[in-house]
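Because only heavy atoms are used, hydrogens play no part in the values below, and waters and symmetry mates are left out as well, while side chains stay in.
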Amino acid sequence: MTPDARYGPAEPAQPAQPAAGAGASAPLGTTTRPTATALAATATTKENRAPMTPEQTTWFAETFGALVANVGRAVLGKEHAVRLALTAMLSDGHLLLEDAPGTGKTSLAKAIAATVQGTHHRIQFTPDLLPSDVTGVTIYDQGTGRFEFHPGPVFTSVLLADEINRASPKTQSALLEVMEEGQVTVDGVTHPVGRPFMVIATQNPIEQAGTYRLPEAQLDRFLIKTSLGYPDRASTVEILAGAKDRTTGLQPKITTKAVADMADLAGTVHIDAAVLDYVARLLEATREDAQTSLGASVRGGLALVRCSKVWAASDGRGFVVPDDIKALAVPILAHRLVLDTEAEFAGVTAVQVIERIVASTAPPAQRAA
């Protein structure tokens, strides 16, 4: 038994038979692999989901790797950030990027949308932006004598909310419903945005004049916060040599239907009670820490569990190990903390607090009895 296997299911899972007549939603161009719908057949009901089989985990890891490589053709030298972005998408979550201008945030959104054969819209958030500019508006049609809904840019696969903190809190709140529930309600009528749907919001950490700080309730709805940063020298030289939009001509590797199937399949990854207890202890430590005035919420713990399942499956495992939790703790939990005033004045960052807590909290040695 390998050390990782200590956290797997207590009983080996029996291979599940794919559902008859499963639709074709595998990566584009694939004919010999089982379809995503067939591989996700054991995850059709939330009440009785069998753990992932070895065949399913192999397919998931290979497909995830293909997606990362394809996006990496447009966003050079940022594999870890790309993996985090795709993990957010496959966890039905959203991504917050805090970066200086010109680091490739728009390219990342466009590349992900092209890779999953989806659509992409960009909204430049400004102080005069209205909520209806985001969600859409109902307009009276004199010809038909009826009110018709005109959808806003939020109806897309990947929405880039550029400099989200420059819009008023009222406009920022227009994203709350769609980020949490995948739908928009206008004039009492609900309109689903479909799957996959991911918001990639950006903030400029340099210039804060005229901005509105995101409230904690909205920060808590972003599954992951990270940054791209500037590329290394070799990647910079390659970008300069091309001197063009590297997302142009990027070919899709998977369909949007298959993305939804992958997200459902990731939900079947096994996470042992001992690992869940480890997550709970990390959450409690953030609340009890002397340098925080507000620790991570239960929503933060759920986000960590959801993402750890995708992270494990992308590594070819059907179960979560403590190292998955450690790898994701900073990008998932750090932005949910509110530091004590004295700690802020001392220059302490939320990232440092999470790293210290992870280092001081002992992971489980084996699965729960």
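Note that CE of Met262 and NZ of Lys257 are 12.5 Å apart. Values are rounded to the nearest 0.5 Å. Here the straight-line distance linking atom CG of Asp315 with atom CZ of Phe60 works out to 11.5 Å at 0.5 Å rounding. We find the CD-NZ distance between Gln251 and Lys253 to be 8.0 Å, quoted to the nearest 0.5 Å. To the nearest 0.5 angstrom, Asp289 atom CG is 8.5 Å from Leu337 atom CG. Taken from CG in Asp264 to CZ in Arg195, the straight-line distance is 4.5 Å, to the nearest 0.5 Å. Separating the CD atom in Gln183 from the CD atom in Glu177 is a distance of 5.0 Å, to the nearest 0.5 Å.
Proximity of Leu328 to Leu84: side-chain heavy atoms (C-beta onward) are separated by under 4.5 Å at one or more points. When side chains are defined from C-beta on, Lys309 counts as touching Val305, because their heavy atoms get closer than 4.5 Å. By the 4.5 Å heavy-atom criterion applied to side chains, Asp133 and Ile123 are not counted as neighbours. The side-chain heavy atoms of Arg221 and His94, taken from C-beta on, include no pair separated by under 4.5 Å. No side-chain heavy atom of Ile271 sits less than 4.5 Å from a side-chain heavy atom of Asp324. With contacts defined as side-chain heavy-atom distances shorter than 4.5 Å, the pair Leu97/Thr226 qualifies. With a 4.5 Å cut-off on side-chain heavy atoms, Leu223 and Ile332 do not count as touching. Residues Val320 and Trp311 form no side-chain contact, since every pair of their non-hydrogen atoms from C-beta on lies 4.5 Å or further apart.
Heavy atoms from other residues, nucleotides or ligands lying under 6.0 Å from CD of Glu342 number 12 at most. Counting non-hydrogen atoms of other residues, nucleotides and ligands closer than 6.0 Å to CD of Glu79 gives a total of 12 or fewer.
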Chi angles and distances behind the side chain to side chain contact (heavy atoms under 4.5 Å, CB included) call for Leu283, Leu333
CA-CA 9 Å; Leu283 297 179; Leu333 297 182; 4.1 Å; yes

Check the pair Leu86, Phe64 against side chain to side chain contact (heavy atoms under 4.5 Å, CB included), reporting the backbone distance first and the verdict last.
CA-CA 8 Å; Leu86 290 172; Phe64 190 92; 3.9 Å; yes

Verify salt bridge (Lys or Arg N to Asp or Glu O under 4.0 Å) between Arg317 and Asp323, making sure each step is shown before the conclusion. CA-CA 12 Å; Arg317 283 180 283 106; Asp323 283 346; over 6 Å; no

Could you go through the side chain to side chain contact (heavy atoms under 4.5 Å, CB included) check for Lys105 and Ile200 one step at a time? CA-CA 8 Å; Lys105 300 182 290 294; Ile200 300 180; 5.9 Å; no

- Could you go through the side chain to side chain contact (heavy atoms under 4.5 Å, CB included) check for Val184 and Phe155 one step at a time? CA-CA 9 Å; Val184 170; Phe155 289 86; 4.1 Å; yes

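Taking all atoms of both residues into account, the shortest heavy-atom contact from Pro322 to Pro363 is CB-CB, 3.8 Å. Closest of all the heavy-atom pairs between Ala285 and Ile357 is CB-CG2, 3.5 Å. In this structure, Leu129 and Thr171 approach most closely via the heavy-atom pair O-OG1, 2.6 Å. The shortest non-hydrogen separation linking Ala329 to Val358 is CB-CG2, 3.7 Å. Heavy-atom minimum distance, Ile325 versus Leu304: CG2-CD2, 3.7 Å. Contact detail for Gly72 and Leu76: the closest heavy-atom pair is O-CD2, 3.3 Å.
His150 places no side-chain N or O within 3.5 Å of a backbone atom of Ile139 that could act as its donor or acceptor partner. Between the Gln172 side chain and the Ala167 main chain, a donor and an acceptor come within less than 3.5 Å of each other. Although no hydrogens or angles enter the test, the distance criterion places a donor-acceptor pair under 3.5 Å between the side chain of Arg336 and the main chain of Asp220. With hydrogens and angles disregarded, no donor-acceptor distance shorter than 3.5 Å links the side chain of Asn70 to the backbone of Leu67. Of the possible donor and acceptor atoms, one in the side chain of Ser297 sits under 3.5 Å from a partner among the backbone N and O of Arg299. With His335 contributing its side chain and Phe222 its backbone, the two residues share a donor-acceptor pair below 3.5 Å. Of the possible polar contacts, none joining the Gln291 side chain to the Val353 backbone as a donor-acceptor pair under 3.5 Å is found. One N or O on the side chain of Arg281 and one on the backbone of Ala362 form a donor-acceptor pair closer than 3.5 Å. Between the side chain of Thr292 and the backbone N or O of Thr286 there is at least one donor-acceptor pair closer than 3.5 Å. In terms of modelled atom types and a separation under 3.5 Å, the side chain of Thr156 and the main chain of Thr119 share a donor-acceptor contact.
A continuous path of hydrophobic side-chain contacts links Val269 to Trp59 [ILVMFWY only; heavy atoms under 4.5 Å]. Tracing side-chain contacts under 4.5 Å through hydrophobic residues (I, L, V, M, F, W, Y), one never reaches Val71 starting from Leu250; they form parts of separate clusters. Val134 and Val137 fall into different hydrophobic clusters, where Ile, Leu, Val, Met, Phe, Trp and Tyr are joined by side-chain heavy atoms under 4.5 Å apart, directly or via other members. A single hydrophobic cluster is not seen to contain both Met179 and Leu90; linkage of ILVMFWY side chains at heavy-atom distances under 4.5 Å, directly or through other members, places them apart.
Of the charged side-chain nitrogens involved, at least one lies within less than 4.0 Å of a carboxylate oxygen, so that Arg122 and Asp162 count as a salt-bridged pair.
When only modelled atom types and interatomic distance are considered, Ser293 and Asp340 share no side-chain donor-acceptor pair under 3.5 Å.
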